[in-house]
Structure formats: structure tokens, C-alpha cells
Amino acid sequence: MTSKKIISSILIVAILGIYIVYKMYNKPHVDVADTKSDIIATASQIMTDFTSDENKANTKYLEKIIEVSGVIIDTNIEKEKGIVTLKTDDDFGSVLCHLSETATQKIETLEQGQTITIKGICTGYLMDVILVKSEIIN
Amino acid sequence: MKTIYTILIYILLTNVTTAQERYLTKNGSVTFFSSTPIEDIKADNNQVLSIIDASSGKMAISILMKSFMFKKALMQEHFNENYVESDKYPKATFKGEIIKFEGVSDVKSTAQVKGILTIHGVSKETTIDANFVRTNEAIDVVGDFIVNLADFGIKIPAVVAKNIQENIKVNFNLTHKPFKK
């Protein structure tokens, strides 16, 4: 009786363990649309943060979900993925929002000069601040 | 200080526009692939910045490590946190020169690019073969090269050593457009 109990409890633990490992291995990516934004800012604010101290800005923004608002200066589609460029106060840099597949379908409705709010994951700063997996908020 | 900076950039830019010889892409693609019997790992980065100065044949590429997108979130996490340590080293860069750039034309041809590749904070001189096509509207650069993880101080724990290749094949596809402000 006791040995049976031991065996069954070991089995339960093992199955649970396998299940957890499997779940972890197949852990889904962050769903940007359904996750609360970590930081809400304007395109110019973000750019100023990156140009004044990139390291500090990296710690603040990288891998965070950022809700950014700004004026559209360009929209285009590269390899079936939409890219929205937002104006900043900086002369050269902008905020480049690479859209998700669902958001790309809405890119036709966007116009240059329009103010927009976009939510995405910040991956860093090259010439521009880059957001990936972006969703259009409004 | 800011005005000096602005003036400097302005001078730089006017130089570029008058000469009209700088080509750039902000959404170049770099992908890598590792295949072992245990698992295949693939990651894409479509936010690569690459600049070619057509007058000198110089080339500069910047890559954000966190822009590499994996199929599995866990792989992406391990890549960033354990292997390339992208908090410490957020970018990979390549700075170099296209050898015999004047030979590049609108017919596809192979040219060598020689320069310094920096990944994970380690710089290494590298020569890469790439296919070039140059037209008025674009300079296309396509090719691949092998990165040996140990060369760049990227350590793979023994537990998962069988899951990841030691030599990773990296593909790049960069379509540079004339830079205009």
C-alpha cells in the first residue's frame, strides 16, 4: 500500500515536472496588444532620452512595451510588414515602428501628417529608435 | 554643445547631399540558422542599419541584438540573456571596405568586404564574400558567412551544447537606397 502510494506520488511529480518543462519550452511570446504598456511617451521624448544618454535609455526602454504617440512622416511596407515612421524633434532620427501582421493590414488607413498612438516593444537605437511587433492604438 | 553638434551634422549632411553618394537601409535583414539533430534554431532581424559610401566603398552596419526574433520565446530569452548578453552588448557592428567596389555594376557580381566585425564586445577582422548589384536606385548586398561562437567569446553551457551549432551561418540581405534628407 505505502509503496503504491510512493510510486503514484513520484509519477504525479514526474508528470507535473514534464508538463512544466514543456510549458516553459513552449512559452508564448508577449502579446503586445493584450499587455499593459510599461511606458507612455511621445516620439520626441523617447528620442531625446536616447540621444542624451543611450545607456540610460537602454535600461529604461529595452524590451519594454512602449506606447508612443507622434506624427506620421512616412508609411511603407517591406517584406509584407508595415513600417510607420514617427517624427521627432531630432533632425535625423525618428521612431520606426515595425508593425505586427494584423496591424499591417490597417496601414492603408494611415495618412502622413496624422497623429497616431502605437504600442510596441523597443529593441534599441541605431539612427532611429526601433519598436517591433507594434500595434496601432488609434 | 547642441548647436556645435547640429552644425557638424549639417556640414556632414550637405556634403552627402551634394555628392549624392551615400546609400542606406534601415530595414536590412540579417538571419541566422543553427541546425542540430535535437533542434533547429532560426532568428530574423529586419531592422538592420547599413550604410555604403559609394565614393570610397566604405561600408558600416549596425545590428540590434534584441531585434532578433525567434519562433520560441524561451530561445529568444536565452539568446539575449545568456549567450550574447544583449543588455551589456546591445549591438553588433561591422565596419569595413568593399574591395574593388568600382567593379560593382548592374550585373550581379561577387566582391569581398573586409573589415572589423564586433559581436558580444569582441572585435575580429573578417573578410566576407557578397553578391553586389548596383543600379541608380539601389545597391543590393546579399550573402552569408559563418560565425564561430567561441571566437566571439559566446559560451554555450554544456547541457545545451548539443542543441546549438558551434559555427552559425548568418545570412544577410541589404537593399541600400540613395540617402536623401
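Scope of the values below: all heavy atoms of this structure, side chains included, with no hydrogens, waters or symmetry mates. In what follows, chains are A, B, ... by sequence order, proteins preceding strands, each numbered from 1. Note that this is a predicted model, so its numbers are computed, not measured.
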Looking only at heavy atoms, the pair that brings A73(B) and P28(A) closest together is CB-O, 3.5 Å
- Query: Same hydrophobic cluster for L86(A) and I107(A), using side-chain heavy-atom links shorter than 4.5 Å among ILVMFWY?
  - Reply: yes
Taking atom CD as the centre, does E166(B) end up with more than 12 heavy-atom neighbours from other residues, nucleotides or ligands that are less than 6.0 angstrom away? no
Okay, M65(B) and chain A: the region with an atom under 4.5 Å from a heavy atom over there is neither
So, the part of L96(A) with a heavy atom under 4.5 Å from chain B: the answer is side chain
Is it true that a side-chain atom of H29(A) and a backbone atom of L74(B) form a donor plus acceptor pair closer than 3.5 Å?
no
Worksheet item: Is it the case that more than 12 heavy atoms not belonging to K108(B) sit under 6.0 Å from its NZ atom?
Response: no
When the 4.5 angstrom heavy-atom criterion is applied to D128(A) and chain B, the contacting part is side chain
### Message
Does this structure show an ion pair linking E54(A) with K91(B), if we count only N-O contacts that are shorter than 4.0 Å?
### Response
yes
In the single-linkage hydrophobic clustering (I, L, V, M, F, W, Y; side-chain heavy atoms under 4.5 Å), do V68(A) and V71(A) co-cluster?
no
| task | Go through the side-chain N and O atoms of N46(B) and K81(A) and say whether any donor and acceptor fall under 3.5 Å apart. | result | no
Output for pair (T123(A) OG1, N80(B) CG), nearest 0.5 Å, gives 10.0 Å
| task | Report whether V84(B) and V160(B) are members of the same hydrophobic cluster (ILVMFWY, side-chain heavy atoms less than 4.5 Å apart, transitive linking). | result | yes
Only residue of E77(B), Q76(B), M75(B) satisfying side-chain contact (heavy atoms from CB on, under 4.5 Å) with K27(A) is E77(B)
Closest heavy-atom pair, S62(B) versus L126(A), reported as atoms and distance to 0.1 Å, is CB-CD2, 3.4 Å
Ranking V132(A), T59(A), I121(A) by heavy-atom pairs under 4.5 Å to chain B gives rank one to V132(A)
Within one Ile-Leu-Val-Met-Phe-Trp-Tyr cluster: Y83(B) and F70(B), side-chain cutoff 4.5 Å
yes
Greatest number of non-hydrogen atom pairs under 4.5 angstrom with chain B, of K79(A), M24(A), E63(A), falls to E63(A)
Exercise for the section: Report yes or no: do L62(A) and I39(A) belong to one cluster of Ile/Leu/Val/Met/Phe/Trp/Tyr joined by side chain heavy-atom distances under 4.5 Å? Expected result: no
Give a yes or no on whether K95(B) atom NZ has more than 12 heavy-atom contacts from other residues, nucleotides or ligands under 6.0 Å away.
no
Are K26(B) and I83(A) close enough that some pair of their side-chain heavy atoms sits under 4.5 Å apart? no
Pair count under 4.5 Å, heavy atoms only, with chain A: among Q47(B), M69(B), K71(B), highest is Q47(B)
